[in-house]
Amino acid sequence: MSTDSAAVPTPSAASAASPGADGQKPEPRDFIRQIIRDDLASGRHHAIRTRFPPEPNGYLHIGHAKAICLNFGIAGEFAGWCNLRLDDTNPGKEDPEFVEGIKDDVRWLGYDWHDLRHASDYFEVFYDAARKLIRDGHAYVDDLSADEVRAYRGTLTEPGRNSPFRDRSVEENLELFRRMREGEFADGSKTLRAKIDMASGNMNMRDPTIYRIRKIAHQNTGEAWPIYPMYDYAHCLSDALEGITHSLCTLEFEDHRPLYDWFVDKIDLPAHPELWQHLREGGFRTEPAKPRQIEFSRLNLSYSITSKRKLAQLVNERLVDGWDDPRMNTLRGLRRRGFTPGGIRLLIERLGISKQNSVIDYAIFENCVREDLDGSAPRRLAVLDPLKLVITNLADDHQETLSFPNHPKDESFGQREVPFARELWIEREDFAEVPPKGFHRLKPDGEVRLRGVGIVKCEALVKDAAGQVTELHCTLDLDSRAGMPGAERKVKGTIHWVSARHAVAAEVRLYDRLFNVPAPDDDSDGKSWLEHINPEAKRVVRGWLEPAAAAAAPEQRYQFERLGYFVADRVDHRAEAPVFNRTVTLRDTWAKQAG
RNA sequence: UGGGAGAUCGUCUAACGGUAGGACAACGGACUCUGACUCCGUUUAUCUAGGUUCGAAUCCUAGUCUCCCAGCCA
């Protein structure tokens, strides 16, 4: 982009790339995008570079989706790029399994990275930069133990005290740090610390640790390093090395920003190519710049937890069936549950970006998914709680094939054949011997439309010894069949069905919210989050599917008419033994009205 | 007198000294061979108190409330 076009605030190349330009969707106007537009307009930046930097110590969850959509989304809108960077500075907690999972999840959400990087790619740079810090008198090797460091740090309201090792000579520090790197000292016996201000009101500035000794194999660098850099040091330098212009992170890093800037400025990578030249020679695209950290509020969802520790606990204590359990709000769990990338992106788009702490109602998320699925999911018929309905005015061996549109509003979905016969399964809930007020479904002597068939009248009930209705005997109004003059006749209700003889039995897993209170993390009532787990979050039933539903490929999503959106389980489903997961029910104003 | 941040409909979010707008939710209606979808309509908000100004969500002053920070985690 030329400086001239960058100086024009609105119809620059940047905003032309965004959806608002052709008047389709309003352009996102959050404060971060405003900053970016200003930076482009003022010529401060000519291209936008972002990064998504997860630590590979667990699977991604819905909260990460916000950061992913923001970082990759902005890169896309402003014709920039976004790196995927694994923040792997703490070996022992991190695992290559999670790296693969993260890559998978990001792609599934619909994004692609410019470069895949690891913080560990830069360990050599970090080490050399730390030596520069020492030489410049900005860092020292400390012999204090972890407990002592804590004691010296002071409290939120009292200043800390200088470590007795704070004034070691540059030569001594350099030598000690070299020996740390050589592995001469035991874990925890020494650290490298930044020399800043032990009296700072910002705890992060009280001589923060830069390196700690940890003799553990690293998932990427193996045994090469006995010392590992801390987040505050590694993260900002990684950003600088990658030429990240806007380093977007969540609110809790707000008071790390002075430290972020301190390291970036003290080390000044752009002015010291000797520190990173070898990266280029090693094949890494490297163009260091001064990054700017901007914080936004994280996504909180009601009826959910988004703590990695707790998610891991659910898995480890077998409270769920794994990281991809459909009850989990991990991206893998949501995927298996049948949530769509489009639905997730829609949610993030609707939330907007700000610095206010907020909690999004889970219902909003469900509605985003419904909205996406309504347009994209073919329709099928299925009965989950069967009640037999016999059409007495059809011959015993009556059998025909009906043609159904796969989507009510989109002919491009085509048609399918649905077998119809004398005996059907209907939903038990669609019949009431004593109907409540406003009931539009089947009742004794009442009429209802069988979806795609015609109008049926309930003539008789069959009950078992306990008085339970086991069978409905109905007559079909032949004149109301498709193509007949009475086909347009109106009745209040339409219900779904499957042919008993042709239906395929399926395992159907009915999922609901994992927690039964809006804020499971809130322990002010004296209850732990574990006590709020909803035991009804997973119910398994046997249902009956029309044959065309059973034949689905794994991960095929359908709307089972009048029931909800379902997905063929990507792990367990087979055409001969179908397994479907309920993603979300349809909106049900009748259930709401009926209580 | 520790530091940092934030308070706008029920929920998110916009406004950049000039009509408090949008989305979602809720409610009402229309439509309907899915009580879905869609369409139309309605209700509801500037944390408090002062001040500056012709005019304040926005600027100033003083409060109130909420969140984050004392890892050799990220």
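Note on naming: letters A, B, ... go to the chains in the order of the sequence lines (proteins, then strands), and numbering restarts at 1 for each one. Only heavy atoms go into these numbers, but all of them, side chains included; no hydrogens, no water, no symmetry mates.
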What does [X] touch in the nucleic acid at a heavy-atom separation under 4.0 angstrom: a base, only the sugar-phosphate, or nothing?
X         : result
Gly438(A) : base
Phe253(A) : base
Thr589(A) : sugar-phosphate
Glu371(A) : nothing

Query raised in the report: Should the pair Tyr362(A) and Phe365(A) be assigned to parallel (<30°), tilted (30 to 60°) or perpendicular (>60°) ring geometry?
Result: perpendicular
Minimum-distance nucleotide to [X] side chain [options: [options]]:
X         : options                : value
Glu252(A) : C12(B), C72(B), C68(B) : C68(B)
Arg153(A) : G71(B), A5(B), U13(B)  : G71(B)
Thr89(A)  : A74(B), C33(B), A26(B) : A74(B)
His440(A) : G4(B), G35(B), U34(B)  : G35(B)
Met203(A) : C69(B), C73(B), A36(B) : C69(B)
Arg587(A) : G2(B), A26(B), C73(B)  : A26(B)

May I ask you to evaluate whether [X] reaches the phosphate of [N], defined as a side-chain N or O under 4.0 Å from OP1 or OP2?
X         : N      : answer
Ser200(A) : G3(B)  : no
Arg562(A) : G35(B) : yes
Ser354(A) : U13(B) : yes
Arg214(A) : C73(B) : yes

Tell me: [atom1] of [X] to [atom2] of [N], nearest whole Å?
X         : N      : atom1 : atom2 : result
Phe52(A)  : A74(B) : CZ    : C1'   : 12 Å
Glu366(A) : U11(B) : CD    : C1'   : 14 Å
Leu259(A) : G71(B) : CG    : P     : 15 Å
His64(A)  : A74(B) : NE2   : P     : 14 Å

Are side-chain N/O atoms of [X] and [Y] paired as donor and acceptor at under 3.5 Å?
X         : Y         : result
Tyr140(A) : Asp207(A) : yes
Gln293(A) : Glu295(A) : yes
His496(A) : Arg379(A) : no

Distance criterion of 3.5 Å, no angle test: do you see the side chain of [X] paired donor-to-acceptor with the base of [N]?
X         : N      : value
Gln356(A) : U13(B) : no
Gln34(A)  : C16(B) : yes
Arg441(A) : G35(B) : yes

Query raised in the report: Can you check G55(B) for me, syn or anti if syn means within 90° of 0?
Result: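 G55(B): anti.
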